[in-house]
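As the structure lists them, so they are numbered: ligands from 1, and atoms in each ligand from 1.
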Amino acid sequence: MSLQKDKLIFLGTGTSMGVPIIGLNNPVCKSKDKKDKRLRTSAYIKYNKSKFILDCGPDFRQQMLRSSIDDLDFLLLTHEHNDHVLGLDDLRPIIHKKNQAFPIYGLQQTLDQIKIRFPYAFSENVYPGAPRFKLFPINYLNEFTINDVTILPLEIHHGKLPIVGYKINDLVYITDANYIPETTMNQIYKCKNLIINSLHQEKTHHSHFVLSQTLEIIKEIQPKRAFLTHISHKMGFHEEVQKQLPKNVYLAYDELEIEL
Ligand SMILES: [Zn+2]
Ligand SMILES: [Zn+2]
């Protein structure tokens, strides 16, 4: 029996270009505060005896090394944008150690894109050392169980793209949303831990919630605690923004660990 507590680690909390952005001279990108340095958005969860990640972006290798994580059982994908999938090739050390194809769960559209972006992992004659993936399509509200974890996929909208949020027991993980349908709102009302995206403090964005919208939706959901992620430099300094937030809302930062 594992004595370790169930936990989530924010592996990355940045928007698609990360923070700092290459070549950008603004005060947030130049901040010396570690909490203002954001790799691309991803999270690690240890739940019961299972260890897994949500999304696998271009910073995956660095994130695993930084948090000293050396094993994963599976991956849940929210959608197919590159800031959420580009790290798949770096799953090779885990795939080679276990000598089996790595299980990936996502919408059919997302899995189809994985085949297009990583064709060498699916060819008939895979070259020695190439990654191998086993793809499992999921559907909204079709609960499924992997090992000892039960997961409910939720419909989320990201601009014109339908994507997935995940409910795992009392934890809800939503990233890249700009609209949450009523059916999903009913599933997540008063959850314990809500992870939700919030891009910046400007008025709007075509495919992401901005801070004012995220705070509105948190008010509706009424979670015990909410953590904001997928953050751009335009959100401002962590230290200053955190002071303005309601008392159960936290601006997440890389390597923040929460008990589930
Ligand atoms: Zn994204
Ligand atoms: Zn996206």
**Message:** For D254, is there an ion pair with K37 - N to carboxylate O distance below 4.0 angstrom?
**Reply:** no
**Asked** Do the charged groups of K167 and E143 touch, with an N to O distance under 4.0 Å?
**Response**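 No, no charged N to carboxylate O under 4.0 Å.
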**Asked** Who are the side chain to side chain donor-acceptor pair (under 3.5 Å) partners of Q187, not counting sequence neighbours?
**Response**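 For Q187, no residue satisfies side chain to side chain donor-acceptor pair (under 3.5 Å) once neighbours in sequence are set aside.
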**Complete:** Going by chain and number, the hydrophobic cluster around M17 (ILVMFWY, side chain to side chain under 4.5 Å) further includes I21, L24
**Prompt:** In the hydrophobic cluster built from side-chain contacts under 4.5 Å, what are the other members alongside V19?
**Reply:** V28, F237
**Name, closest N/O/S atom of H230 to the Zn ion (ligand 1)** =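 That would be atom NE2.
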**Item:** Within-2.8 Å protein N/O/S contacts of the Zn ion (ligand 2)
**Value:**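 For the Zn ion (ligand 2), the protein N, O and S atoms that sit under 2.8 Å away are H79 NE2, H81 ND1, H158 NE2, D176 OD2.
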**Asked** Hey, are S16 and D83 close enough side-chain-wise for a donor-acceptor pair under 3.5 Å?
**Response** no
